[in-house]
Amino acid sequence: MADAKSEKPVLSDPITLRVPQDILDDIEKIAETSDRSRSWVIVRALKYYLMAEGNDILQIRKGEEQIARGEFVDAEEFFAEVLDEKKSDAA
């Protein structure tokens with residue numbers, strides 16, 4: 001039985017991607033220097049993008065979907081409640 005770390009991820013069908021030549025040159029240099037494939041370098045770069053800026057975009061989308069479903073609190077009501085609780089705590 002193979003452990004989870006040795007299992008390879010499920011891959012998609014191949015995709016075609018056009019990138020500016022200067023970026024491809026850098027990808028090829030990184031791949032050669034690190035003894036990896038161009039695909040490995042590109043997938044790694046995409047993973048880092050998805051963890052950072054891509055995640056921000058996905059969180060915005062999630063929030064928009066929640067708003068569309070009515071899952072939100074009105075900001076004025078929220079702040080009025082928070083300020084009211086602070087007044088009660090101060091007494």
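Residues: numbered from 1 along the sequence shown. For the numbers below, each heavy atom of this structure counts, side chains included, while hydrogens, waters and symmetry mates do not.
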Legend entry - Euclidean distance, Glu53 CD relative to Leu58 CG, rounded to 0.5 Å: 11.0 Å
Legend entry - From Ser39 atom OG to Ile15 atom CD1, the distance as rounded to the nearest 0.5 Å: 8.5 Å
Legend entry - Results of salt bridge (Lys or Arg N to Asp or Glu O under 4.0 Å) for Glu32 - residues two or more places apart only: none
Legend entry - Partners meeting salt bridge (Lys or Arg N to Asp or Glu O under 4.0 Å) with Arg44 (sequence neighbours left out): none
Inset, instruction - Any chance you could pull the hydrophobic cluster mates of Met51, using side-chain heavy atoms under 4.5 angstrom and chaining through other members? - result: Tyr48
Legend entry - Under 4.5 Å side-chain linkage, directly or through intermediates, the cluster mates of Tyr49: Leu50, Ile57
Sequence neighbours left out, cut at 3.5 Å: what donor-acceptor pairs do the side chains of residues 61-80 make with other protein atoms?
from	atom 1	to	atom 2	distance (Å)
Arg61	NE	Glu65	OE2	3.1
Arg69	NE	Glu71	OE2	3.0
Arg69	NH2	Glu71	OE1	3.1
Asp74	OD2	Glu76	N	3.0
Asp74	OD2	Glu77	N	3.2

Inset, instruction - Treating Ile, Leu, Val, Met, Phe, Trp and Tyr as nodes and any side-chain heavy-atom pair under 4.5 angstrom as an edge, say whether Ile27 and Leu46 lie in one connected cluster. - result: yes
Could you pull out every donor-acceptor pair under 3.5 Å between side chains of residues 16-24 and any protein atom, sequence neighbours left out?
from	atom 1	to	atom 2	distance (Å)
Gln21	NE2	Asp25	OD1	2.8

